[in-house]
S.K.: 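Take a look at the following structure, please.
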2 protein chains.
Amino acid sequence: MQWKITETNQVDPTATDRMGNKFLIGNGYIGYRGTLEEYGKDQKTATIVCGLYDKVGELWREPVNLPNGCFLQCISQDERLHAQNSRVLEHEQGLNLYQAVHERKTTFETASGAHITIRARRFASLARLPLICMEITLQADRDCQLTLQTGIDGDVWDLNGPHLRDITSSEQDGIISLSAVTHENGVPVAVSEMATFAMGTQSIIKGEKNILRAIQVPVRSNQACILYKFVAHATGLDSTDPLADSQRACREAAVLGFDRLMAEHCTLWAQRWAACDIQIEGDEPAQEALRFSMYALLAIAPVHADAVSIPARGLSGQVYKGAIFWDTEIFMLPFFSCAFPAIARNLLMYRYHTLEGARRKAREYGFRGAFYAWESQDGGEDACTLFNVTDVFTNRPLRTYFRDKQVHISADIVYAIWQYFTITGDQTIWADGGAEVVFECARFYLSYTYFNPDKQRYEILDVTGPDEYHERVHNNFFTNLMVAHTLSVCRDVAAYLQAQSPEKFRDLMASLDFEHDLSLIRQVSENIFLPVGEAAVDLAGVIPQFDGFFKLENISLPSLLERKLHPHEYLGGGNGLATTTQIIKQADVILALYLFKERYRVEIKSANWEYYEPRTEHGSTLSACSYSMVAAQIGKVDWAYRYFMKTATIDLTGEGKEYVGTLYIGGTHPAGNGGAWMAAIFGLCGISWEGQTLSIAPRLPTHWIQVTFPLVFQGQKLRLRLSNESVCVQIVEALETPLFISVEGAVQPLPLTGELSIPLVKERPG
Amino acid sequence: MQWKITETNQVDPTATDRMGNKFLIGNGYIGYRGTLEEYGKDQKTATIVCGLYDKVGELWREPVNLPNGCFLQCISQDERLHAQNSRVLEHEQGLNLYQAVHERKTTFETASGAHITIRARRFASLARLPLICMEITLQADRDCQLTLQTGIDGDVWDLNGPHLRDITSSEQDGIISLSAVTHENGVPVAVSEMATFAMGTQSIIKGEKNILRAIQVPVRSNQACILYKFVAHATGLDSTDPLADSQRACREAAVLGFDRLMAEHCTLWAQRWAACDIQIEGDEPAQEALRFSMYALLAIAPVHADAVSIPARGLSGQVYKGAIFWDTEIFMLPFFSCAFPAIARNLLMYRYHTLEGARRKAREYGFRGAFYAWESQDGGEDACTLFNVTDVFTNRPLRTYFRDKQVHISADIVYAIWQYFTITGDQTIWADGGAEVVFECARFYLSYTYFNPDKQRYEILDVTGPDEYHERVHNNFFTNLMVAHTLSVCRDVAAYLQAQSPEKFRDLMASLDFEHDLSLIRQVSENIFLPVGEAAVDLAGVIPQFDGFFKLENISLPSLLERKLHPHEYLGGGNGLATTTQIIKQADVILALYLFKERYRVEIKSANWEYYEPRTEHGSTLSACSYSMVAAQIGKVDWAYRYFMKTATIDLTGEGKEYVGTLYIGGTHPAGNGGAWMAAIFGLCGISWEGQTLSIAPRLPTHWIQVTFPLVFQGQKLRLRLSNESVCVQIVEALETPLFISVEGAVQPLPLTGELSIPLVKERPG
């Protein structure tokens with residue numbers, strides 16, 4: 001079983017960003033980029049703490065990068081051993097996914113010919129969230145005296161910083177600390193470090209922005225010297241005295257020691273893997289990529305709070321302002337809902353806690369209800385600026401309409417809550433805030449929708465759909481479908497809450513003054529315009545992405561790209577090359593067809609997939625998985641597999657876009673990670689559900705022998721084993737409520753215990 | 001009395017375009033640019049025939065520039081005397097506005113020291129439309145032998161040509177001709193020339209694209225030699241044999257002779273001036289500019305047909321595709337309606353004749369009724385492309401929304417018909433097509449309008465108002481007001497036609513299937529959303545140009561212009577500098593306040609004028625006159641005068657924009673000419689009307705002693721003499737129906753004959 005991912009000799013500076021993303025460790029509270037111990041701001045070292053934002057002057061508000069407590073520099077006779085500058089004989093860097101431990105091993109040759117090997121392991125403790133634990137092992141091929149500079153480096157990488165002021169260093173009982181406060185709100189932060197080592201002498205060096213220990217270590221030939229570092233982080237978000245709290249955490253860690261800390265950490269990760277691991281027989285690359293994807297999601301999933309969520313670039317830096325996008329609800333949530341319902345609930349509750357911000361945004365634009373932020377930070381404020389891209393030709397900010405017009409975000413949230421509810425059966429979500437969110441989102445659309453008297457239908461005008469290359473369009477199929485769904489869910493939730501908690505329902509209706517709107521919603525929801533597939537022979541069944549889409553220039557993607565005059569020029573915005581063509585950034589109609597897969601026939605899905613696939617740039621990581629899932633449904637398993645692998649390997653290969661206009665957008669792609677899981681489970685494994693019935697329709701690649709994975713459905717633990725020949729459902733714990741299984745159109749009850757195997761006989765579609 | 005406008009020594013190539021525009025002659029059938037006789041394509045010589053368009057390949061469809069029959073080159077001993085290349089001692093070029101005659105006089109010094117003077121006069125005969133008549137006088141300070149090359153130059157200036165193929169030259173009975181056919185539709189065209197002269201010998205030279213006579217003229221010292229040229233034009237639009245017809249016209253002209261031709265031409269122009277001339281005592285520059293403006297309009301007004309109209313650049317070339325814009329209806333029509341009702345009717349009938357094209361355009365965009373072309377050519381086809389500007393930074397075409405979103409054009413036409421009707425009282429216009437145009441325009445808006453259920457009102461979404469720097473806005477005040485007016489006029493016209501011609505009404509209702517729509521129009525017209533002035537203290541009474549206007553960046557015009565990186569960069573479009581600011585191209589709210597001046601109080605007009613004036617770039621000639629008229633109404637006479645003069649002198653000074661992006665847009669500005677008339681009569685003289693009552697409220701600049709002008713109101717001829725102290729109305733022909741006059745709020749009947757003088761006593765506003 002393959003749990004380690006490793007890269008060798010990737011010390012070239014051009015690989016640094018990729019390594020930093022790929023080998024990130026985290027526990028949802030902090031994320032630490034996969035940089036090497038001796039790296040600094042130029043190598044984009046970053047310790048991102050979840051939910052802490054700061055704004056400097058008129059620059060973008062973004063996450064705070066804490067001082068780097070994991071810093072360690074080995075010096076041999078004034079020669080600073082640095083993977084990028086020194087002579088490296090051998091280098092290996094990687095992750096143990098099972099343990100969530102980062103590992104590196106580098107052998108340097110010094111100017112004097114000595115071979116010095118540095119090994120380091122580190123993990124962000126899942127048992128003690130503020131803590132990163134490190135073990136550093138030094139070895140040399142001859143006796144030598146080495147100096148280790150280790151401590152806290154406060155001179156950090158920032159996109160729109162610096163965010164920390166009043167940086168103060170201190171030392172107490174062998175613990176060194178760096179304290180500071182953020183610019184905007186003066187939130188105190190502290191990082192403390194405790195180092196333990198068997199031999200050597202140390203002195204403390206205080207710099208303007210750092211505090212380091214210089215440890216003189218006498219190394220004997222081929223004898224390992226081990227140093228442990230315990231780095232604790234604390235902020236004013238959850239501590240009244242971050243300095244003291246971080247010192248205390250260091251002290252406790254040092255007492256427990258590395259091995260015990262590692263053991264408790266690994267135990268928790270093992271439980272995680274037991275709850276979600278997918279085993280693929282017959283495909284090592286897919287196995288690795290899928291595990292990596294799940295690791296990447298788990299490393300950034302908030303377990304400590306329900307007022308935070310997962311940003312679009314996870315905890316890998318400050319890109320996209322550390323904001324939460326629809327990525328979380330549509331592309332990450334399904335994994336959590338099916339394997340870690342409690343985390344899924346945390347993520348959803350973030351939207352309840354930010355409802356007030358969504359109401360403010362709706363009012364700002366003259367609407368009612370909840371218009372959720374396109375880029376949501378703490379409190380639900382929309383961090384998205386009106387000028388979100390810089391023109392490469394004039395170096396001027398470009399007006400974009402992400403903030404104003406991507407109104408589907410509220411519907412995405414409703415979709416996600418409803419999906420969570422249908423998977424988990426968690427009825428408490430409605431009374432705990434879910435219903436209020438749904439009602440307010442529905443109310444927003446009620447105020448956004450226009451009636452076309454001439455065509456006697458409601459239309460959704462002037463929006464931007466998922467495909468951001470076409471801003472300000474009318475009747476975007478995806479958006480209209482999502483809005484209609486929101487209104488319909490609103491009716492269902494109202495009925496449900498009224499039946500289950502009549503008092504809560506009455507209170508909510510009264511406090512929201514929702515009676516009249518609810519009756520309007522009933523009326524409007526049936527009559528939202530939904531474009532249907534074209535009847536024209538050459539477009540039979542193809543749904544226009546928005547009004548007039550087929551009138552746009554019908555150019556091939558390569559021909560469009562040939563028109564580019566600058567490698568980073570933005571294809572959307574006011575004058576972008578794609579805007580006047582049928583080339584789209586990402587799945588739009590196809591995403592809608594996945595989200596509402598039960599409503600559309602295979603022929604319609606096929607026609608649209610074939611039409612839109614060659615016209616899609618996949619300029620967003622949200623794209624490939626949608627094409628994968630619909631490809632699976634229409635029997636194009638080869639394409640389903642290809643797009644699955646594209647999604648699953650995005651942070652392994654580092655092939656994502658790094659620039660839009662002059663804007664740096666690099667980082668990890670958790671939506672891609674979540675999309676990989678969806679493509680595997682919902683796409684290739686063909687999992688879907690309705691009520692108490694789980695449907696399974698495997699469309700596995702032919703080289704996949706068997707796939708095994710756990711699933712929590714309606715709160716009950718199942719284990720599935722699928723091949724293209726049979727489906728097996730194992731009941732992990734005796735069922736408490738009846739569940740059903742639908743395979744090849746036949747529905748039957750699951751046994752209360754044991755397992756049920758069903759052979760597959762029919763031909764699959766396509 | 002000043003009737004001549006002259007420029008001396010303007011032979012520098014940089015002045016050529018301006019001269020060409022300023023000194024254009026025309027008779028509505030053909031326009032001939034004010035270039036010199038020896039000029040060719042490089043000097044933008046052009047003979048534009050009204051209503052003849054051609055398209056070559058994928059280039060823009062535009063007017064055809066006919067072969068230049070007015071060409072004449074004087075040669076002295078192999079030295080071609082050319083104002084731009086030869087030694088010029090003295091040069092004068094000008095127009096006699098009263099006669100509509102172009103004059104030039106140039107004294108050359110040849111290499112051998114001879115002084116040769118060429119005088120030339122030419123006019124586009126108003127009595128014989130295909131004809132241009134020329135008189136050329138040669139004089140020298142010594143005996144010499146000159147060669148005159150005169151004839152037809154088919155190598156013409158084209159923006160998107162060449163438009164003529166199969167160019168054939170011929171000679172018959174002393175008449176030389178060039179025939180050709182247009183590219184797109186193979187329309188035959190012909191230009192013939194006949195030259196008469198007292199002495200000399202001639203030979204014919206045939207070139208590939210020209211045919212010339214070489215006339216050897218023995219010139220005696222200080223003795224004038226005169227040559228006459230008669231140039232006739234004919235096209236397949238109105239001739240089955242253009243060659244023969246042009247030859248015949250030449251022959252007839254030669255028989256009549258220059259003097260008789262000039263006499264009949266001048267008689268007709270004298271009648272024109274009698275019908276419209278405005279005499280301003282106390283302001284020679286204003287007098288000249290206003291006369292020039294009227295001349296410029298009359299020179300291009302179609303008198304020969306009602307299926308053509310006046311293009312935005314008149315007959316001065318191919319700019320703006322020779323297309324008819326709303327300029328004609330809103331800015332030129334008032335002059336004609338008040339002085340030449342028959343020409344006004346011709347212009348309006350063009351819209352009836354192109355109704356089918358407007359219906360096609362509505363269908364193309366998914367609407368019903370008549371969506372008139374933004375750039376209307378023959379048949380009402382919209383010549384406007386979707387990419388109307390070229391980006392100066394990338395040299396790529398920019399997507400603009402003139403064609404799609406400037407939906408106010410249909411309402412402008414309705415406004416114009418209604419205005420024509422209220423001025424002239426011409427009741428026949430409704431049954432003759434006017435009602436059908438109005439109904440179909442109203443129907444278009446019925447299908448364009450959305451109902452906002454939340455705000456319980458109809459809204460006009462996604463439009464571009466007059467200010468083209470802000471495309472695709474919602475609830476543009478101007479557009480909403482115009483649409484509401486269209487719907488209201490539709491109701492009135494329906495009622496009117498039903499009362500006057502019940503049978504015609506029944507037929508029209510049936511043929512248009514208009515019963516149901518008319519009832520809807522009644523319902524919608526009362527409930528169109530009209531933004532009102534802001535209540536906020538710093539914006540009290542200021543009407544937002546469109547939804548969200550005040551949220552745009554509030555920058556000063558000079559600061560905005562400082563951001564320009566390229567002198568010709570387009571401020572509108574997708575990313576233009578103005579698009580995200582409150583800087584507007586031209587009068588928008590202010591134009592609406594002029595058009596509906598009776599509906600808004602002086603305080604509102606003042607607040608809006610003060611707000612928008614500094615934010616207006618006046619990047620369109622349609623702008624200044626609106627600011628002038630509203631300035632007059634709010635008592636800012638100095639500003640009214642300043643903007644009046646700006647408008648009235650646009651083609652005299654040649655200060656209009658020459659480029660938008662990389663697009664050449666030079667030419668004459670008939671809307672500016674019309675706007676000057678409006679600013680003088682409607683603005684400074686304060687003329688307005690309602691029913692049978694003419695209101696007069698002079699706000700003359702203090703240095704104007706008196707203004708006198710004729711006016712046809714309700715078909716009856718009046719002559720007005722106004723000062724700031726009194727108003728005098730002279731009844732030119734005994735009244736057949738009663739008329740009233742309103743001065744300073746007092747309404748009284750006009751006498752049936754004689755004149756009525758009323759002293760002004762009250763203070764004027766402001």
Side-chain angles (χ1 to χ4, degrees), chain A residues 364-369 386-387 389 391-401 404 443-459 461-462 471-475 517 520 523-524 527 547-548 551-553 563-566 569-570 572-577 579-581, chain B residues 364-369 386-387 389 391-401 404 443-459 461-462 471-475 517 520 523-524 527 547-548 551-553 563-566 569-570 572-577 579-581:
Chain A
E364 177 193 339
Y365 284 100
F367 302 108
R368 300 185 298 126
L386 302 184
F387 298 82
V389 176
D391 184 16
V392 295
F393 299 111
T394 60
N395 210 33
R396 289 176 185 151
L398 288 182
R399 180 65 160 97
T400 49
Y401 288 89
D404 325 49
R443 172 178 267 167
F444 167 63
Y445 293 118
L446 194 64
S447 74
Y448 196 88
T449 302
Y450 279 93
F451 185 67
N452 183 327
D454 219 50
K455 294 177 176 146
Q456 290 287 309
R457 67 194 190 195
Y458 290 91
E459 300 187 15
L461 305 174
D462 200 2
E471 297 183 325
R472 304 199 55 201
V473 303
H474 300 321
N475 293 311
D517 280 348
L520 290 177
Q523 184 183 316
V524 173
N527 207 8
D547 287 355
K551 284 189 182 176
L552 298 176
E553 188 188 2
R563 294 181 182 171
K564 283 173 76 165
L565 299 175
H566 186 291
E569 69 171 285
Y570 183 52
N575 296 335
L577 280 174
T579 59
T580 58
T581 74
Chain B
E364 178 194 339
Y365 284 100
F367 302 108
R368 300 186 298 125
L386 301 185
F387 298 82
V389 177
D391 185 16
V392 294
F393 299 111
T394 60
N395 212 31
R396 289 176 184 151
L398 288 183
R399 179 67 159 97
T400 48
Y401 288 88
D404 325 50
R443 171 178 268 166
F444 167 63
Y445 293 118
L446 194 65
S447 74
Y448 196 88
T449 302
Y450 279 93
F451 185 67
N452 183 327
D454 219 51
K455 294 177 176 147
Q456 289 287 308
R457 67 193 189 196
Y458 290 92
E459 300 187 15
L461 305 173
D462 200 2
E471 297 184 325
R472 304 199 56 200
V473 303
H474 300 320
N475 292 312
D517 280 348
L520 290 177
Q523 185 184 317
V524 173
N527 207 8
D547 286 355
K551 284 190 182 176
L552 298 176
E553 189 189 2
R563 293 181 182 172
K564 284 174 77 164
L565 300 175
H566 187 291
E569 69 171 286
Y570 183 52
N575 296 335
L577 281 174
T579 59
T580 58
T581 74

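By convention in this document, chain letters (A, B, ...) are assigned in the order of the sequence lines, proteins followed by strands, and residues within each chain are numbered from 1. Hydrogens, waters and symmetry mates are skipped; everything else that's a heavy atom, side chains included, is used.
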S.K.: My understanding is that only residues two or more places apart in sequence, or in another chain, count here; which of them pass ring-ring contact (aromatic ring centres under 6.0 Å, His included) with A:Y365?
M.R.: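 A:Y365: ring-ring contact (aromatic ring centres under 6.0 Å, His included) contacts with A:F371.
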S.K.: Nearest heavy-atom pair of A:D454 and B:L446: which atoms, and what distance?
M.R.: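 Heavy atoms only, the tightest pair is OD1-O, 4.2 Å.
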S.K.: What residue, out of B:T394, B:T449, B:D517, has the most heavy-atom pairs lying under 4.5 Å from chain A?
M.R.: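 Among B:T394, B:T449, B:D517, the one with the most close pairs to chain A is B:T394.
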S.K.: Mind ranking B:D547, B:L565, B:L386 by heavy-atom pairs under 4.5 Å with chain A and telling me who comes out on top?
M.R.: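 Among the listed options, the one with the most contacts to chain A is B:L565.
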S.K.: Contact part of B:Y448 toward chain A, heavy-atom cut-off under 4.5 Å: side chain, backbone, both or neither?
M.R.: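 Answer is neither: B:Y448 stays 4.5 Å or more from chain A.
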S.K.: Going by the rule ring-ring contact (aromatic ring centres under 6.0 Å, His included), which residues pair with B:F451 if we only count those two or more places apart in sequence or in a different chain?
M.R.: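 Per chain and number, B:F451 pairs via ring-ring contact (aromatic ring centres under 6.0 Å, His included) with B:Y458.
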S.K.: Measure distances from B:E471 to the heavy atoms of chain A and classify the residue's part below 4.5 Å as side chain, backbone, both or neither.
M.R.: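 Answer is backbone: N, CA, C or O of B:E471 sit under 4.5 Å from chain A.
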S.K.: What are the two closest non-hydrogen atoms of B:E364 and A:K551, and how far apart are they?
M.R.: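 Scanning both residues completely, I find the closest heavy atoms to be O-NZ, 2.6 Å.
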S.K.: Go through the atoms of A:T579 and report whether side chain, backbone, both or neither lie under 4.5 Å from a heavy atom of chain B.
M.R.: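 Contact with chain B involves no heavy atom of A:T579 at all.
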S.K.: Heavy-atom cut-off 4.5 Å, strictly under: side chain, backbone, both or neither for B:E553 against chain A?
M.R.: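 For B:E553, neither part sits under 4.5 Å from chain A.
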S.K.: Using non-hydrogen atoms only, which part of A:L577 is less than 4.5 Å away from chain B: side chain, backbone, both, or neither?
M.R.: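 The answer is the side chain of A:L577.
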S.K.: Given heavy-atom pairs under 4.5 angstrom as the criterion, report whether the side chain, backbone, both or neither of B:L520 touches chain A.
M.R.: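 Interface part for B:L520: neither.
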S.K.: For B:T580, is it the side chain, the backbone, both, or neither that has a heavy atom closer than 4.5 Å to a heavy atom of chain A?
M.R.: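 Only the side chain of B:T580 comes within 4.5 Å of chain A.
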S.K.: Looking at A:D462, A:V524, A:L398, which one has more heavy-atom pairs under 4.5 Å with chain B than the rest?
M.R.: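 Most pairs with chain B among the choices: A:D462.
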S.K.: Please rank A:R396, A:R399, A:R368 by heavy-atom pairs under 4.5 Å with chain B and give me the top one.
M.R.: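 Ranked by contacts with chain B, first place is A:R396.
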S.K.: Measure B:H474 against the heavy atoms of chain A and call it side chain, backbone, both or neither at under 4.5 Å.
M.R.: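 When you check distances to chain A, only side chain atoms of B:H474 fall under 4.5 Å.
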